[in-house]
Amino acid sequence: MKTIGVIGAGQMGSGIAQVAAVSGYSVLLYDAFPGVAAKALSRIQAGLEKQVDKGRMTLAACDAAVAAITVADTLEQAAQAELVVEAAIEKAELKKELFAALDKAAGPDTILASNTSSISLTEIASATGRADKVIGMHFFNPAPVMKLVEVIKGYSTSQDTIDAIMAVVEKMGKISVLALDKAGFIVNRALDPMLNEAIFMLEEGVGTVEDIDNAMKYGCNHPMGPLALTDLIGLDVILAVMEVLYREYGDSKYRPAPLLRKMVRAGKLGKKTGEGFYKY
Ligand code: CAA
């Protein structure tokens, strides 16, 4: 594989594009909103230049990675790759529409991957005529830093597709784990109920934002507290995952915290909107 298309140039899409370019792939970066992919490319360049300043990357490697990323004007252009990774927002209908369009535009051997954190891979694959070549590649935020990629096997994903993606993950210098297509996969099924519980505790007044975060940071050695992490990931993303867990398993332990729902309705989505549990 030489070229990777990335659909969606938000937090995750731009992080994935950066990881792919630094690992030696040519990248076609597309976002449905005009100008977003070009802005993401500038952000990637600024981030890589900081790595150069810190002496962690050579200027030549930085320039090569930036030059490897092309902003694609259309989805069809971004589909001209051996692998396309979709990182659009967590809406099943939107992802299915995107995969149907990618299925039409891409060559017959192209693997279509989704960075979905909660939506069924099998459902996404059903929008295509190549379910054996549809797979989950779930990166973690911030993608350039976090080592893990969860590889998700849908109902029809072939072993050849899994092997090809495992090789890409290895070339990216990341660790892969294989998970079945069950809601939340491995990480979000364990992590998000903990984040949701922290929000319940805040609502009940068990502790302040700072105390809840410090408790988990210093009591459990987590790199950041659960409320700060929810701000980083996005409250809308956590709510979407909790809704899927609640619906799919039908267990009240996955009920989203009312405060989480209220803050999403208020547009307080965390770092990306300038305010969540903290102000940025
Ligand atoms: N993009 C690129 N690099 C970033 C970054 C970003 N957004 N944020 C931090 N970094 C880099 C910094 O540049 C720094 O790099 P150097 O060491 O090369 O200088 C390094 O990460 C450490 O950053 P900081 O010193 O600023 O801060 P830190 O040591 O507190 O680390 C952190 C920041 C990596 C985010 C760390 O706090 C952490 O690991 N937090 C937990 C993150 C986590 O759990 N992510 C998974 C979320 S779940 C998910 O994403 C799945 C889903 O579907 C919801």
Side-chain angles (χ1 to χ4, degrees), residues 8-22 40-58 61-62 65-66 85-91 95 113-121 136-152 172-177 179 181-196 198-199 213-214 216-218 220-245 254 256 260 264 269-272 276-278 280:
Q11 283 193 110
M12 294 308 294
S14 59
I16 295 166
Q18 176 178 326
V19 170
V22 169
L41 181 52
S42 305
R43 267 200 325 271
I44 292 170
Q45 181 165 11
L48 292 177
E49 282 167 357
K50 267 196 201 147
Q51 295 295 313
V52 176
D53 292 344
K54 288 180 186 166
R56 298 211 167 98
M57 188 179 212
T58 65
C62 165
V66 172
V85 184
E86 171 276 324
I89 53 169
E90 285 292 282
K91 294 248 187 304
K95 286 194 192 289
S114 176
N115 181 53
T116 180
S117 46
S118 58
I119 296 163
S120 161
L121 230 286
M137 264 184 111
H138 186 209
F139 290 79
F140 293 83
N141 196 350
V145 179
M146 303 304 287
K147 279 275 178 204
L148 184 70
V149 179
E150 273 180 329
V151 177
I152 322 295
M172 288 176 167
K174 306 241 180 233
I175 309 291
S176 57
V177 292
D181 184 22
K182 289 215 61 175
F185 316 127
I186 296 174
V187 172
N188 280 337
R189 179 147 170 205
L191 175 71
D192 293 23
M194 188 275 283
L195 304 181
N196 192 47
I199 302 168
D213 273 358
N214 281 336
M216 298 306 286
K217 255 175 95 169
Y218 301 111
C220 302
N221 253 0
H222 289 187
M224 64 205 301
L227 300 171
L229 182 55
T230 303
D231 273 0
L232 175 72
I233 297 168
L235 277 73
D236 53 335
V237 176
I238 299 302
L239 178 60
V241 176
M242 291 309 299
E243 302 267 33
V244 170
L245 292 176
Y254 297 118
L260 173 63
V264 170
L269 306 184
K271 236 177 163 175
K272 63 187 166 190
F277 297 103
Y278 297 87
Y280 298 92

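The residues of the chain are indexed from 1 along the displayed sequence. All ligand and atom numbering here is 1-based and tracks the order in the structure.
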For atom 53 (O) of ligand 1, closest protein heavy-atom neighbour | H138 NE2, 2.7 Å
Looking at atom 49 (C) of ligand 1, what's its closest protein heavy atom, distance included?
-> F140 CD2, 3.4 Å
Check whether any side-chain heavy atom of E90 lies under 4.5 Å from a side-chain heavy atom of T116, and answer yes or no.
-> yes
What's the spacing between N115 CG and I152 CD1 if we round to 0.5 Å?
-> 9.5 Å
Using non-hydrogen atoms of the residue, decide whether L229 is closer than 4.0 angstrom to ligand 1.
-> yes
Can you tell which part of Q51 has a heavy atom less than 4.0 Å from ligand 1: side chain, backbone, both or neither?
-> side chain
What is the nearest protein non-hydrogen atom to atom 11 (C) of ligand 1, stated with its residue, atom name and distance?
-> V145 CG2, 3.5 Å
Could you check if a side-chain atom of Y278 sits within less than 4.5 angstrom of a side-chain atom of D213, using non-hydrogen atoms only?
-> yes
Within less than 4.0 angstrom of ligand 1, does Q11 place any heavy atom?
-> no
D231 side chain reached by Y280 side chain, heavy atoms, under 4.5 Å = yes
Nearest to atom 16 (P) of ligand 1, what protein heavy atom do you find, and at what distance?
-> R56 NH1, 2.9 Å
Is the closest side-chain heavy-atom distance between I199 and F277 below 4.5 Å?
-> yes
Between M57, K54, H222, which one has a non-hydrogen atom sitting closest to atom 14 (C) of ligand 1?
-> K54
Show every donor-acceptor pair shorter than 3.5 Å between a side-chain atom in residues 221-230 and any protein atom, with sequence neighbours excluded, or say none if there are none.
residue, atom, partner, partner atom, Å
T230, OG1, P226, O, 2.7

So do K272 and D236 actually touch side chain to side chain, heavy atoms under 4.5 Å?
-> yes
If hydrogens are left out, which of P144, S118, G15, P223 has an atom nearest to atom 39 (O) of ligand 1, that is, the closest non-hydrogen atom?
-> P223
Of A143, G184, P142, A240, the residue with the heavy atom nearest atom 7 (N) of ligand 1 is P142
Check whether any side-chain heavy atom of M57 sits under 4.5 Å from a side-chain heavy atom of V22, and report yes or no.
-> yes
Quick one: look at N141 and ligand 1, take heavy-atom pairs under 4.0 Å, and tell me if it's side chain, backbone, both or neither.
-> both
Which atoms of ligand 1 have any heavy atom of S117 under 4.0 Å away?
-> 53 (O)
For ligand 1, the portion of V241 having any non-hydrogen atom under 4.0 Å away | neither
Taking heavy atoms and a distance under 4.0 Å, where does L191 meet ligand 1: side chain, backbone, both or neither?
-> side chain
Output for pair (S120 OG, K182 NZ), nearest 0.5 Å, gives 11.5 Å
Minimum side-chain heavy-atom gap V177-V151 below 4.5 Å = no
Among protein heavy atoms, which lies nearest atom 40 (N) of ligand 1, and at what distance?
-> M224 SD, 3.1 Å
If you scan protein heavy atoms around atom 47 (C) of ligand 1, the nearest is I233 CD1, 3.6 Å
